[in-house]
Amino acid sequence: MAKIGALLGFLVFLAASAAAQEPPYFVTYSHAMEEPGNLEISFKGVQGSPKYANPFVSETLELEYGVKGWWTSELYLSGQHTANDSTIFTGFRWENRFRLLLREHFINPVLYTEYENTNNGDRSLLEVVGHDSVSDLTLSNAQGRSVTEREMELKLILSSNTHGWNISENFITEKNLLEDEPWDFGYALGVSRPLALAGSAHECFFCRQNFSAGAELYGGLGDLNGFGLKATSHYAGPAVGFDIPNGPSVTFSPNFGLNDNSVGVIYRFTVSYEIQQIFGHFHRGGR
């Protein structure tokens, strides 16, 4: 657990030494919301090679829509391929985020709710809670697909922008709705900033303002029967994002497991594209 404490201290140091771009996070949420009427389509990938288990690649399609300035809704569809096994669909998630304070404050709180209908073959690792462990990834796809879980997930998102830096903290809790199991807990922390705060006077592809960099730390915090770090898994890693001018955004991050309950390293990548005023396109097309 000393590694976790050291990395937490490093993130706090970065924040103290320090938004136009959306932070390049994969697990942590900031208070950035989708613009009303805009639709962002994202493909999220995760690749890992757990010890004593087959390598896998997980794919998640994310559809994020700005309902109001204070309300963003998202639908996730996930699947995965495991080497020497098969390819399966693992389920869906429906997420809603509600920003409590519309104007910018020193700390900006957001409430997050999500309904999950996924099976135990899920490898998306969109969050880590409770006593999630690398051993969960040793199930065959046939074993995992046979068990479906319906869960409710809640998050308290606290996020700040200061001197170009974004600092975000998430507290996560999750409950299985089909089983008499205790609430699981988890956390995610992120720090990031664009490489340049001011735009170039000339249009260019590889300008510094098109790039952002940051770091994440996340993991489980046990459950209601045993809150803490015992028998939990934790990950940390850098992240870099590239907003291609007039094109998609690309983000990449290697995440390193911090204890024996974690996968040694997992690679995350996202490609996303935003369609502005999606229903306006349909209205114009119908004229």
Side-chain angles (χ1 to χ4, degrees), residues 24-29 34 39-50 53-65 72-97 112-130 132-155 170 172-179 184 186 188 216 218-220 233 235 237 239 248-255 262-263 265-273:
Y25 303 144
F26 287 87
V27 178
T28 310
Y29 280 83
E34 189 61 61
L39 175 69
E40 184 175 81
I41 303 172
S42 300
F43 176 86
K44 293 186 173 183
V46 178
Q47 190 279 326
S49 299
N54 291 318
F56 67 88
V57 176
S58 172
E59 307 89 10
T60 297
L61 175 65
E62 174 186 345
L63 303 173
E64 179 180 81
Y65 180 70
T72 293
S73 187
E74 297 188 44
L75 175 67
Y76 297 85
L77 303 173
S78 297
Q80 56 98 340
H81 171 76
T82 299
N84 305 313
D85 199 330
S86 62
T87 301
I88 61 172
F89 175 71
T90 57
F92 71 90
R93 295 170 170 86
W94 181 35
E95 164 198 313
N96 289 276
R97 304 198 309 275
Y112 171 113
T113 65
E114 181 179 86
Y115 172 75
E116 302 179 12
N117 187 315
T118 58
N119 60 50
N120 283 351
D122 185 53
R123 302 284 191 272
S124 60
L125 299 176
L126 295 178
E127 68 281 320
V128 174
V129 296
D132 289 349
S133 169
V134 64
S135 62
D136 299 330
L137 306 178
T138 62
L139 295 176
S140 69
N141 283 349
Q143 292 172 319
R145 187 168 50 184
S146 66
V147 179
T148 298
E149 294 186 345
R150 296 181 176 86
E151 297 177 320
M152 177 174 63
E153 182 180 307
L154 305 174
K155 293 181 183 179
N170 299 176
I172 310 166
T173 182
E174 187 175 272
K175 179 72 171 69
N176 190 327
L177 301 177
L178 298 180
E179 302 289 341
D184 289 329
E216 284 188 277
Y218 59 92
S233 58
Y235 297 87
S249 298
V250 181
T251 312
F252 173 75
S253 176
N255 291 177
S262 311
V263 181
V265 60
I266 55 177
Y267 298 97
R268 296 181 180 270
F269 62 92
T270 298
V271 178
S272 59
Y273 185 79

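Not measured: the values here are computed from a predicted model. Here, residue 1 is the first one in the sequence, and each next residue gets the next number.
Although no hydrogens or angles enter the test, the distance criterion places no donor-acceptor pair under 3.5 Å between the side chain of Asn141 and the main chain of Asp85. Checked by atom type and distance alone, the side chain of Glu216 pairs as donor or acceptor with a backbone atom of Thr28 at under 3.5 Å. With Thr138 contributing its side chain and Ala53 its backbone, the two residues share no donor-acceptor pair below 3.5 Å.
The distance from atom OG of Ser140 to atom CG of Asn84, rounded to the nearest 0.5 Å, is 12.5 Å. Within the model, atoms NE2 of His81 and CD of Gln47 stand 11.0 Å from one another, a figure rounded to the nearest 0.5 Å. Atom-to-atom distance recorded for Glu116:CD and Phe92:CZ is 10.0 Å, nearest 0.5 angstrom. How far OG of Ser49 is from CD1 of Ile266: 11.0 Å, rounded to the nearest 0.5 Å. Rounding to the nearest 0.5 Å places CG of Asn96 at 9.0 Å from OG1 of Thr72. Between Glu114 atom CD and Glu74 atom CD the span is 8.5 Å, to the nearest 0.5 Å.
Residues Ser73 and Trp94 form a side-chain contact, since some pair of their non-hydrogen atoms from C-beta on lies under 4.5 Å apart. Thr251 is not listed as a side-chain neighbour of Tyr25, based on a closest heavy-atom distance of 4.5 Å or more. Using a 4.5 Å heavy-atom threshold, the side chains of Leu61 and Ile41 count as touching. A 4.5 Å side-chain heavy-atom check between Glu127 and Asn170 finds every atom pair outside the cut-off. Considering only heavy atoms from C-beta on, Glu59 comes within 4.5 Å of Val57 through its side chain. Side-chain atoms of Gln143 and Asn120, non-hydrogen and from C-beta on, never get closer than 4.5 Å to each other. Contact annotation: the side chain of Phe56 approaches that of Val46 to within less than 4.5 Å [non-hydrogen atoms, C-beta and beyond]. Phe26 is not listed as a side-chain neighbour of Lys44, based on a closest heavy-atom distance of 4.5 Å or more.
Residue Val27 comes nearest to Leu126 through the heavy atom pair CG1-O, 3.6 Å, listed as atom of the first residue, atom of the second, then distance. Counting all heavy atoms, side chain and backbone alike, Thr90 lies closest to Gly79 at OG1-N, 3.6 Å. Closest heavy-atom contact between Asp132 and Ser233: O-OG, 2.8 Å. Nearest heavy-atom pair, Arg123 versus Leu139, reported as atom, atom and distance to 0.1 Å: NH2-O, 3.1 Å. Pairing each heavy atom of Ala239 with each of Pro24, the nearest pair is CB-O, 3.3 Å. Across Asn119 and Gly144, no two heavy atoms sit closer than the pair CB-O, 3.5 Å.
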For side-chain contact (heavy atoms from CB on, under 4.5 Å), just list the numbers for Asp184 and Glu151, CA-CA rounded to whole Å, side-chain angles, deciding distance to a tenth of an Å, and then say yes or no.
CA-CA 11 Å; Asp184 289 329; Glu151 297 177 320; 5.5 Å; no
For Leu177 and Tyr115, what are the C-alpha separation, side-chain angles and deciding distance, and is it a side-chain contact (heavy atoms from CB on, under 4.5 Å)?
CA-CA 10 Å; Leu177 301 177; Tyr115 172 75; 4.1 Å; yes
Intermediate values then yes/no, side-chain contact (heavy atoms from CB on, under 4.5 Å), Arg145 and Phe89
CA-CA 8 Å; Arg145 187 168 50 184; Phe89 175 71; over 6 Å; no
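The aromatic rings of Tyr267 and Phe252 lie parallel to each other, with less than 30° between the two planes, well short of the 60° mark.
Each of Thr60, Asp122, Asn117, Thr118 was evaluated against Arg93; a single residue qualifies, Asp122, per the side-chain hydrogen bond (donor to acceptor under 3.5 Å, both in side chains) test. With Arg97 as the partner, the salt bridge (charged side-chain N to carboxylate O under 4.0 Å, His left out) test is satisfied by one option alone out of Glu64, Glu34, Glu153: Glu64.
Under 3.5 Å, the side chains of Thr82 and Gln80 contain a donor-acceptor pair of N or O atoms.
Ring centroids of Tyr218 and Tyr235 are separated by less than 6.0 Å, placing the two rings close together.
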